[in-house]
Amino acid sequence: MTYLKSKTLFFTTSPRTPLKMIPEIQLLQRYFEGKVWNPDTQVEFIKKLVEGKDFQGKGSTKEMSFSARDRINRAPKALGFVDLKPTIKITQPGRQFIDGKRTEEVLLRQLLKFQLPSPYHKEPVKFKGIFGVKPYLEIFRLIYELGTVSFDELMIFGMQLTHFSKFDEIIAEIKQFRRMKAYAKASYKVFRGEYLHNEVKKIYEDDIDDGKTHTRESKDQTLEKFVRTKANNLRDYTDACFRYLRATGMVEISQRGHSLSIMPEKKKEVEFFLNNIDRKPIFVDDEENYKEYLFDASLPVLYSDNRMRLLNHVQKFVESSEDLREKTIEQLKDKLNEAIQNKKTMILEQQMRELKAYKEYNDVMTTFDDIKSSSFYDVPLMLEWNVWRAMTMLDGGDIKANLKFDDRGQPMSTALGNMADIICDYGDFGLAVEVTMQSGQKQYEMEGEPVSRHLAKLKKETGKEAYCLFIAPKINESCIAYFYALHKMNIAFYGGQSVIVPLELDVFINMVEQSYRAGYVPNSERVKEIFQYSLEQAKTAKDEIEWYLKIKNKALNWL
């Protein structure tokens, strides 16, 4: 049980992307269902998680049971995907979520049920009355009422929506913020920083007056440190909220505007649940009835649960003589999902045709500029998406991004674990493309071994020779050394030699520019030459530095 000691909303930051819960819940189901969730099973869970192919990182070696609770007791438990008492059980919504059939709908239902307080989140006497809210429901309402809500607006004001009765007050404060922003003489960055600083001081006025400015893991008790820590917490919670809302498919994000809005085609669905779901938390002190409600996969009722509405919606998409009136609601939902997926595929195919014709060249290059200047809300996602666009453009292979796209063909989230970010099929060979914004030693720790494993997976699945292109704004020296060594080692686990070519983002962008200026589409042999050259140079180079400089020069002159 968690006690509510916060004065603002909070959202699960682990995992930051909701779909990453899926392999972890599957692991819990496979090895631990029916067991007691205690320190022993928690440690065992983390060990198996780290051993698996879907987990990035090493986990905490000192507090393994805490790491397990961090992964399971927060989002999976709070959203009703798992029940941990008396023994571990995957609930009906949890089974539907990991089944992968309609994850967006399942996630939406559970987010709309999440409430503060609840039997899982109790209010101490001192904090009684601060909370009375279904956070995701009210944030949806905020976006709907305002049309669009920026990251900063949600961070500074939305996180203060601890009770649904404060909704109108928060709306008024956001509108006031917008008016003041229009007349501010200072830069927006300065204006925003001062506003956030003042709001944090207002929220924690009582603590500051009482001298309670101590923060965890720091001996610095100054007011500046206290305010900065609280502001950083708000930023982390807002980021998590953005990602969980985006994963429902109900909202779209403006990457350059750092804002959320309701997707036009989802407006009726959002209006329905805003008008029909009770805003008050229920069963606050009744865990048995709360769990029955939370674990009911049919609640809350959504717009698409009405058969006639669903039938009318499907008929707009499906041009068929098939008698849809005989279909069940589940069959109609399957039909609708199939039609939406087909439409999405057509959108992506059109995008690829335009990319191959270089119609999007200017936009691709502008996007790279914005990535380098960190202008986007989700820079890693945009890097992965734009490298896919660039790879599609500069050669004639079958290029597949392992991104999750929304119904409009826009990127929603990066590739999950255990697969390369981008896979290119050139007929007689394959290419895995891995991209990262990580730098320093973190790049090696997070990307080194998984990259070689993803390449081995591609070799095994295709039965063809395959190579890997590793792209980052800056390549860490440890990665250079590791990839160089793999050229010279015959490791059965990795399918023999692993030819992984690391390139700085600017070098890759230069390759794209060369392709555009060439006036012809380079064939796959020109791509293959880079990796064959890399393999040859690894045999003769005196060390990894010489090898890296040679392949970098080769890439800069690949055409």
Side-chain angles (χ1 to χ4, degrees), residues 387 390-391 394-397 399 420-436 438-441 443-445 447-460 462 464-515 517-518 521-559:
V387 167
M391 290 299 299
L394 65 79
D395 58 69
I399 318 298
D421 297 331
I422 301 162
I423 294 176
C424 310
D425 186 353
Y426 295 109
D428 61 336
F429 74 97
L431 175 63
V433 182
E434 300 278 8
V435 303
T436 184
Q438 294 282 4
S439 60
Q441 190 64 19
Q443 183 184 95
Y444 172 70
E445 292 172 358
E447 305 289 344
E449 195 278 332
V451 169
S452 47
R453 180 163 24 90
H454 295 166
L455 175 57
K457 184 171 185 270
L458 179 60
K459 289 180 182 179
K460 184 177 180 180
T462 63
K464 297 186 290 191
E465 185 56 69
Y467 311 101
C468 179
L469 185 62
F470 180 80
I471 300 170
K474 185 174 176 61
I475 306 297
N476 176 255
E477 291 177 355
S478 298
C479 281
I480 294 173
Y482 178 63
F483 296 148
Y484 168 73
L486 288 178
H487 277 67
K488 304 164 78 68
M489 300 168 69
N490 188 31
I491 303 175
F493 183 72
Y494 291 145
Q497 292 170 305
S498 298
V499 183
I500 302 170
V501 171
L503 290 180
E504 291 182 350
L505 179 59
D506 281 337
V507 175
F508 177 72
I509 292 172
N510 182 275
M511 291 177 66
V512 179
E513 290 174 339
Q514 290 181 57
S515 176
R517 291 196 301 267
V521 178
N523 61 35
S524 60
E525 287 303 310
R526 302 305 291 270
V527 176
K528 192 174 185 178
E529 281 177 13
I530 297 172
F531 300 95
Q532 292 177 326
Y533 179 82
S534 177
L535 191 56
E536 289 301 314
Q537 293 307 309
K539 295 176 182 177
T540 59
K542 65 178 181 180
D543 56 30
E544 74 275 14
I545 304 301
E546 180 181 326
W547 164 77
Y548 177 64
L549 292 175
K550 284 186 175 181
I551 59 172
K552 180 177 179 179
N553 186 62
K554 173 69 172 177
L556 288 169
N557 298 279
W558 80 296
L559 295 181

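All residue numbers refer to positions in the sequence shown, counting from 1.
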Consider only side-chain N and O atoms of [X] and [Y], and report whether a donor and an acceptor are under 3.5 Å apart.
X    : Y    : result
T540 : W547 : no
E449 : Y494 : yes
S478 : Q441 : yes
H487 : S498 : no

(request) Using side chain to side chain donor-acceptor pair (under 3.5 Å) as the criterion, list what pairs up with E544, not counting sequence neighbours. (result) none
(request) Apply side chain to side chain contact (heavy atoms under 4.5 Å, CB included) to I422 and list each qualifying residue two or more places apart in sequence or on a separate chain. (result) V387, W388, I399, C424, V433
(message) Ring centres under 6.0 Å, that's the criterion: do Y482 and Y444 meet it?
(response) yes
From [X] [atom1] over to [Y] [atom2], what is the distance, rounded to the nearest 0.5 angstrom?
X    : Y    : atom1 : atom2 : result
L556 : M511 : CG    : CE    : 9.0 Å
K460 : L455 : NZ    : CG    : 14.0 Å
S439 : N476 : OG    : CG    : 8.0 Å
K528 : N523 : NZ    : CG    : 11.5 Å
S524 : D425 : OG    : CG    : 10.0 Å
R526 : S515 : CZ    : OG    : 10.5 Å

Side chain to side chain, [X] and [Y], heavy atoms closer than 4.5 Å:
X    : Y    : value
K552 : E504 : yes
F470 : E434 : yes
C468 : V501 : no
Q514 : L394 : no
N553 : L549 : no
F508 : M391 : yes
E465 : K459 : yes
P522 : V527 : no

(request) Evaluate the criterion side chain to side chain contact (heavy atoms under 4.5 Å, CB included) for residue pair E529 and W558; output intermediate values, then yes/no. (result) CA-CA 8 Å; E529 281 177 13; W558 80 296; over 6 Å; no
(message) Is it true that, when you exclude K474 itself, more than 12 heavy atoms of the residues, nucleotides or ligands shown sit nearer than 6.0 Å to its NZ?
(response) no
How close do [X] and [Y] get, heavy atom to heavy atom, and via which atoms?
X    : Y    : value
D428 : E525 : OD2-OE2, 4.0 Å
A432 : L458 : N-CD2, 3.7 Å
F483 : G448 : CE2-O, 4.1 Å

(request) Could you tell me which residues satisfy ring pair (Phe, Tyr, Trp, His ring centres under 6.0 Å) with Y533, sequence neighbours excluded, listed by chain and number? (result)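 Y533: no ring pair (Phe, Tyr, Trp, His ring centres under 6.0 Å) contacts found.
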(message) For Y467 and I530: C-alpha separation, side-chain torsions, deciding distance, then whether side chain to side chain contact (heavy atoms under 4.5 Å, CB included) applies.
(response) CA-CA 10 Å; Y467 311 101; I530 297 172; over 6 Å; no
(message) Test side chain to side chain contact (heavy atoms under 4.5 Å, CB included) on L535 and Q497; report intermediate values, then the result.
(response) CA-CA 9 Å; L535 191 56; Q497 292 170 305; 4.1 Å; yes
(request) Walk me through it: do I423 and L431 pass the test side chain to side chain contact (heavy atoms under 4.5 Å, CB included)? (result) CA-CA 6 Å; I423 294 176; L431 175 63; over 6 Å; no
(request) Return yes if some donor-acceptor pair links the side-chain N/O of D543 with the main-chain N/O of E546 below 3.5 Å, else return no. (result)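 Here the side-chain-to-backbone pair exists.
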